[in-house]
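Scroll down for the structure; my scribbles are underneath it.
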Number of protein chains: 2
Amino acid sequence: MVDLSSVPGVTRGILPAQCNSRLVLDHVTSTWGVLVLLALSAGDHRWSELRRVVEGVSEKMLAQTLRTLVADGFVDREAEPVIPPRVTYRLTERGRELTAHLLPLMGWIAQHADEIVSTPAR
Amino acid sequence: MVDLSSVPGVTRGILPAQCNSRLVLDHVTSTWGVLVLLALSAGDHRWSELRRVVEGVSEKMLAQTLRTLVADGFVDREAEPVIPPRVTYRLTERGRELTAHLLPLMGWIAQHADEIVSTPAR
DNA sequence: CAGTATCCATAGGGATACTG
DNA sequence: CAGTATCCCTATGGATACTG
């Protein structure tokens, strides 16, 4: 059992319905948010690289996800003024702090996924 | 920079589009999935308690979320054959392993949420 | 109490076409 | 190349009513 009282806002009623934590949580745990953060934690990527490496993401969703992550200060967008355009995305310091917590979770899931799916409700 | 090559399936192309990892990831990072797991990590809860403590969740979504988490073996459902019915939900060992990784992430988000929201793209 | 069943609205998200 | 703009569909999820 873990003591949640150390986590602000998690004492009574998990997280208040309209708090900033839920907002950021939704950004981070969004389907494509996690995968983009994961991709960038492995190294900087250009737009076209992200499109390829994050399998299944549409242009619309990639753009939306990146805008949110940039706005939240997790990702930095560097646009070089050349033709054709060259834009690189990378994690900010804040983004690295976040993925430092995200990666262990992802690692555990990736390692146990097959077992979990094949052994429903052991 | 973190080495992702240690995470199975995360080497080329983050996570293959149709893999079990993405499936489990979607269950765990679903809006209500995270909050229910968080609630249960603080202690066992009955259905009605979860409805109250997980602010904003509808009956439909709570039922669906719990079914998924039980099916994945993260949560145990104990139904006592009494009238009125009394059903208790608790984390399984697998569920505790998962939340052990989830809680630090949530803690970080909760602590930084205000800063993140108020300081977009610092 | 602990759900299930049904209806229904809205918005999440895909496909496509277009632009600086 | 790196996006934006539009159309359009379906599936998520809320509200309500009902049941063992």
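Chain letters run A, B, ... following the sequence lines, proteins first, then strands; residues in each count from 1.
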Check the distance between [N]'s [atom2] and [X]'s [atom1] and give it to me in whole angstrom.
{"X": "B/Trp47", "N": "D/dG20", "atom1": "CH2", "atom2": "C1'", "answer": "15 Å"}
{"X": "B/Tyr89", "N": "C/dG3", "atom1": "OH", "atom2": "C1'", "answer": "8 Å"}
{"X": "A/His45", "N": "D/dC1", "atom1": "NE2", "atom2": "C1'", "answer": "17 Å"}
{"X": "A/Glu49", "N": "D/dA2", "atom1": "CD", "atom2": "P", "answer": "8 Å"}
{"X": "B/Lys60", "N": "C/dC7", "atom1": "NZ", "atom2": "C1'", "answer": "9 Å"}
{"X": "B/Gln64", "N": "C/dG3", "atom1": "CD", "atom2": "C1'", "answer": "14 Å"}
{"X": "B/Arg86", "N": "C/dA2", "atom1": "CZ", "atom2": "P", "answer": "8 Å"}
{"X": "A/Met61", "N": "D/dT6", "atom1": "CE", "atom2": "C1'", "answer": "14 Å"}

**Prompt:** End-to-end bend of the helix from C/dC1-D/dG20 to C/dG20-D/dC1 (five-pair axes, 10° rounding)?
**Reply:** 60°

**Message:** Tell me whether B/His112 contacts the main-chain N or O of B/Ala110 through its side chain, where contact means a donor paired with an acceptor under 3.5 Å.
**Reply:** no

**Asked** Any donor and acceptor pair, going by atom type alone, linking the side chain of A/Thr92 with main-chain N or O of A/Gly73 inside 3.5 Å?
**Response** yes

**Prompt:** Quick one: do B/Arg94 and A/Glu115 make a salt bridge, cutoff under 4.0 Å?
**Reply:** yes

**Message:** For A/Glu93, is there an ion pair with A/Arg96 - N to carboxylate O distance below 4.0 angstrom?
**Reply:** yes

**Complete:** Comparing nearest nucleotides in DNA chain C, the 5'-proximal residue of the pair A/Gly56, B/Val87 is B/Val87

**Nearest-nucleotide 5' precedence on DNA chain C, A/Pro85 against A/Thr31** = A/Thr31

**Request:** Could you tell me whether B/Arg51 contacts a base, only the sugar-phosphate backbone, or nothing, with contacts defined as non-hydrogen atoms closer than 4.0 Å?
**Result:** nothing

Verify the contact: side-chain N or O of [X] to OP1 or OP2 of [N], cut-off strictly under 4.0 Å; return yes or no.
{"X": "B/Arg67", "N": "C/dG3", "answer": "no"}
{"X": "B/Arg46", "N": "C/dC1", "answer": "no"}
{"X": "B/Arg77", "N": "C/dG3", "answer": "yes"}
{"X": "A/Ser48", "N": "D/dA2", "answer": "yes"}

**Prompt:** After noting the C-alpha distance and the side-chain angles of A/Leu91 and A/Asp76, does the key distance pass the side chain to side chain contact (heavy atoms under 4.5 Å, CB included) rule?
**Reply:** CA-CA 6 Å; A/Leu91 293 180; A/Asp76 182 46; over 6 Å; no

**Message:** I want to check something: taking the side chain as every heavy atom from C-beta on, are A/Arg90 and A/Arg77 in contact at a cut-off of under 4.5 Å?
**Reply:** no

**Prompt:** From C/dT4, D/dG14, C/dA17, pick the nucleotide closest to the side chain of B/Ser58?
**Reply:** D/dG14

**Request:** Side chain of B/Pro84 only, please: which of D/dG14, C/dG13, C/dC1 is the nearest?
**Result:** C/dC1

**Message:** If you assign B/Trp32 and A/Glu59 each to the DNA chain D nucleotide with the nearest heavy atom, which residue ends up on the more 5' nucleotide?
**Reply:** A/Glu59

Residues 24-40 of chain A, side-chain donor-acceptor partners within the protein, below 3.5 Å, at least two apart:
| residue | atom | partner | partner atom | Å |
| --- | --- | --- | --- | --- |
| A/His27 | ND1 | A/Asp72 | OD2 | 2.5 |
| A/Thr29 | OG1 | A/Leu25 | O | 2.7 |
| A/Ser30 | OG | A/His27 | O | 3.0 |
| A/Ser30 | OG | A/Gly33 | N | 3.0 |

**Prompt:** Given B/Phe74, which of B/Leu69, B/Thr68, B/Leu66 fulfils the side chain to side chain contact (heavy atoms under 4.5 Å, CB included) condition?
**Reply:** B/Leu69

